[in-house]
Amino acid sequence: MIVRNIYINMLNLAENNVLAGALQGRKTLGLLLEHMEGETMHPQMVYLDFKGTEVATASFLRESILEFRNIVRRRWVNCYPVLANASDSVIEELLILLEPRRDVLMLCGLDEEGNPHSSRLVGALDPKQSITFDLVKKLGETDAKELMRKFKEFENVRQTAWNNRLASLSRLGLLMELSQGRGKRYRPLPLGG
């Protein structure tokens with residue numbers, strides 16, 4: 001599968017290493033959306049690189065990053081935003097923002113060549129989503145029918161429930177959704193673990 005990578009350096013985009021406030025967040029959202037070219041046939045990983053950013057407040061992150069993820073995932077099914085190289089202080093602000101909302105974002109590091117590593121979730125998935133996310137990571141690629149069949153003893157739920165869980169994880173940008181005829185298959189983002 002061909003995956004296109006888009007890298008957006010947040011330090012250069014915002015022209016500041018302190019990203020604070022809703023107003024600056026909304027301005028940055030507009031700049032982020034200008035980088036998007038629209039839907040493609042192939043998946044696009046959009047790495048929002050926070051390298052060099054000292055602080056990003058929860059209000060900034062809400063108005064820029066969270067809103068960017070929500071807009072992009074609604075408009076372009078093959079686009080997957082991921083925060084990269086976030087400092088501990090940025091992650092702390094993300095937790096303040098995400099945990100009360102029961103929301104989650106994908107984080108990773110990027111090496112000098114732009115290769116992702118050390119991926120992880122920040123925020124909180126509900127327990128059923130968390131189980132589903134872990135199972136998809138374990139299997140590599142799957143669909144609702146396969147999950148129902150393989151894990152009937154472990155999770156006695158119908159195919160529709162599995163499908164709903166998979167779709168919700170895809171809407172969050174945590175799983176790639178692959179059309180296969182009339183059905184859909186899901187796989188983890190290619191982030192190097």
Side-chain angles (χ1 to χ4, degrees), residues 1-7 40-50 61 65-66 68-70 72-74 76-88 90-92 94-95 97-99 101-111 113-193:
M1 169 178 37
I2 298 169
V3 177
R4 181 173 174 232
N5 294 325
I6 299 170
Y7 300 93
T40 66
M41 292 190 61
H42 302 292
Q44 298 180 82
M45 300 300 299
V46 181
Y47 295 103
L48 306 173
D49 191 353
F50 278 78
L61 294 165
I65 304 308
L66 229 70
F68 176 72
R69 190 262 330 252
N70 294 340
V72 165
R73 291 301 301 142
R74 278 193 310 266
W76 303 296
V77 71
N78 282 328
C79 185
Y80 302 93
V82 176
L83 272 69
N85 298 321
S87 68
D88 290 342
V90 172
I91 293 170
E92 184 178 325
L94 277 170
L95 287 169
L97 174 64
L98 296 172
E99 285 182 343
R101 296 168 173 253
R102 306 233 357 115
D103 201 348
V104 66
L105 287 169
M106 183 64 77
L107 296 171
C108 74
L110 293 174
D111 66 18
E113 289 79 41
N115 299 311
H117 61 85
S118 308
S119 65
R120 66 185 177 107
L121 299 176
V122 64
L125 288 173
D126 77 39
K128 300 296 184 185
Q129 287 177 322
S130 185
I131 289 167
T132 305
F133 182 76
D134 291 342
L135 291 173
V136 175
K137 280 178 45 178
K138 179 181 175 184
L139 294 171
E141 183 177 314
T142 192
D143 61 16
K145 187 175 184 177
E146 182 179 6
L147 288 172
M148 183 186 75
R149 190 177 65 249
K150 283 188 174 185
F151 300 102
K152 196 167 197 148
E153 300 85 35
F154 175 64
E155 277 282 299
N156 190 18
V157 295
R158 297 186 183 271
Q159 184 173 334
T160 305
W162 283 114
N163 198 41
N164 291 340
R165 293 179 191 181
L166 290 165
S168 71
L169 291 168
S170 177
R171 276 191 302 278
L172 289 169
L174 304 179
L175 295 179
M176 288 187 169
E177 184 178 285
L178 311 165
S179 292
Q180 200 169 52
R182 293 174 59 196
K184 294 179 183 178
R185 292 190 59 80
Y186 298 85
R187 71 168 47 165
L189 302 181
L191 295 174

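Computed from heavy atoms alone, side chains included, the values below leave out hydrogens, waters and symmetry copies.
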Going by heavy atoms in the side chains, are [X] and [Y] under 4.5 Å from each other?
X: Val122; Y: Leu83; value: no
X: Leu135; Y: Lys150; value: no
X: Val46; Y: Trp76; value: no

Apply salt bridge (charged side-chain N to carboxylate O under 4.0 Å, His left out) to [X] and list each qualifying residue two or more places apart in sequence or on a separate chain.
X: Arg185; result: Glu141, Asp143, Glu146
X: Lys137; result: none
X: Arg4; result: Glu37

Residues that [X] engages under side-chain hydrogen bond (donor to acceptor under 3.5 Å, both in side chains), provided they are two or more places apart:
X: Asn115; result: Asp111
X: Asn164; result: none
X: Ser87; result: Ser89

Looking at residues at least two apart in the chain, or sitting in another chain, which of them share a side chain to side chain contact (heavy atoms under 4.5 Å, CB included) with [X]?
X: Arg182; value: none
X: Arg101; value: Arg62, Leu66, Leu97, Asp103
X: Asn5; value: Val3, Tyr7, Met45, Tyr47
X: Arg73; value: Arg69, Tyr80, Pro81, Ser170

Q | Which residues share a ring-ring contact (aromatic ring centres under 6.0 Å, His included) with Phe133, sequence neighbours left out | A |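 Phe133: no ring-ring contact (aromatic ring centres under 6.0 Å, His included) contacts found.
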
